Amino acid sequence: MAAAVKAEAYGHGLVRIAQALDADGFAVACLEEALILREAGLTQPILLLEGVFEAAELPLCARHDLSIAVHHPEQLRMLEHARLERPVRVWLKLDTGMHRLGLAPETAPTIFQRLRESPAVAPDIGWMSHLARADERDCDYTLEQLQIFMAVTAGLPGERSLANSAGILGWPQTHFDWVRPGLMLYGVSPFVDSLAAAEDLRPVMTFHTRLTSINWLRKGEPVGYGGTWRCPEDMAVGVAAVGYGDGYPRHAPSGTPVLLNSREASLIGRVSMDMITLDLRGHPEARIDDQVTLWGNGLPIERIAQAAETIAYPLLCGITARVRREVISSDGFAT
Ligand SMILES: *Cc1c(COP(=O)(O)O)cnc(C)c1O
């Protein structure tokens with residue numbers, strides 16, 4: 001299992017997560033992320049999912065024992081011209097239907113042959129590809145991609161890797177030698193139509209803040225920038241200290257749920273940089289300093305993503321630097 005820990009381990013903290021996971025290997029997006037893992041003393045195999053962006057990165061890959069994807073003939077040429085202190089491990093990345101990165105299947109045998117003849121390339125070349133629609137359970141596209149992957153690699157040596165989280169949970173035929181889970185490691189469902197609990201996953205991240213103000217407003221008063229929401233009656237409106245400056249989605253509309261003291265309340269008005277406003281009707285117990293949970297334990301991030309017309313990935317990755325991180329071990333103690 002190669003844990004996808006790119007983008008600060010989906011916003012959870014790269015080194016912290018890599019150290020906590022019992023992973024056989026790691027998958028990252030770029031050299032910078034891989035070097036941070038090596039500097040932290042992690043010794044497992046690390047795969048650069050997009051390979052190198054320029055030839056100057058190759059000597060560092062060799063020195064730090066990083067594996068690289070080769071998805072384009074240009075990357076092959078860089079390897080053929082490189083003089084490295086030791087060969088690097090290569091994963092040949094096939095385009096089986098994502099049409100983003102990857103070698104056209106018909107060119108793969110020739111490129112495989114040239115890689116085998118290149119002194120910069122270690123002999124154990126692997127095969128990988130990426131699934132475009134595995135999160136849609138009733139969609140045959142994954143099977144088509146699988147078929148192409150198997151046809152191209154049939155009879156050729158080398159380890160194979162195809163499955164992301166949705167492949168792992170939904171398409172066991174895609175597992176092969178290495179799976180590459182990302183989102184599911186963080187306790188979030190990769191499927192368009194299910195919550196984490198249905199997949200037996202528990203959220204790793206809980207994002208919370210506090211209620212900083214309670215205001216009594218009259219019927220008809222507008223709330224927030226643009227006055228997009230008006231009080232339908234005399235009512236209490238709460239202010240919580242979180243906004244898009246912390247990574248809360250600016251597009252979350254009125255009605256997006258939050259948890260106030262473990263009960264749901266609704267966002268009202270526009271999300272601002274540092275604050276959101278909440279409908280406190282039905283929350284007579286609310287007091288300043290009460291905890292407000294934006295997502296995580298008790299409030300699936302998938303629901304927030306749906307309300308804000310986005311997906312969980314950018315919400316996780318988008319938590320900004322000013323948000324204080326607290327690590328709670330599985331027995332519930334802060335460290
Ligand atoms: C990010 C990534 C993964 C992990 O995807 P999830 O959907 O988060 O499980 C796997 N493989 C590749 C090539 C990726 O870029």
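The figures here come from the full heavy-atom set of this structure, side chains too, leaving out hydrogens, waters and symmetry mates. Keep in mind that what you see is a predicted model, and the values were worked out from it rather than measured. Read the numbers this way: they start at 1 and go in the same order the structure lists the ligands and their atoms.
- Note on ring orientation: taking the six-membered ring where Trp is involved, the planes of Phe176 and Phe149 are perpendicular (angle over 60°, cut-offs 30° and 60°).
- By the criterion of side-chain heavy atoms lying less than 4.5 angstrom apart, applied directly or through intervening Ile, Leu, Val, Met, Phe, Trp or Tyr residues, Leu79 is not grouped with Leu49; the two fall into different hydrophobic clusters.
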- Message: Run the side chain to side chain donor-acceptor pair (under 3.5 Å) test on His283 and Glu285 for me, step by step, so that the C-alpha distance in whole Å, both residues' side-chain angles and the decisive distance to 0.1 Å come before the verdict.
- Response: CA-CA 5 Å; His283 288 269; Glu285 80 297 347; 3.2 Å; yes
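- Residue pairs that meet the salt bridge (Lys or Arg N to Asp or Glu O under 4.0 Å) test with at least one member in residues 121-132, sequence neighbours left out, are Arg89-Asp124.
- Protein residues with any heavy atom under 4.0 Å from ligand 1: Ala4, Lys6, Tyr10, Leu49, Lys93, His130, Asn164, Ser165, Arg180, Pro181, Gly182, Leu183, Tyr313.
- Every residue was checked against the side chain to side chain donor-acceptor pair (under 3.5 Å) condition with Asp24, not counting sequence neighbours, and none meets it.
- Every pair passing salt bridge (Lys or Arg N to Asp or Glu O under 4.0 Å) that includes a residue from residues 52-65 is listed here, sequence neighbours excluded: Arg63-Glu85.
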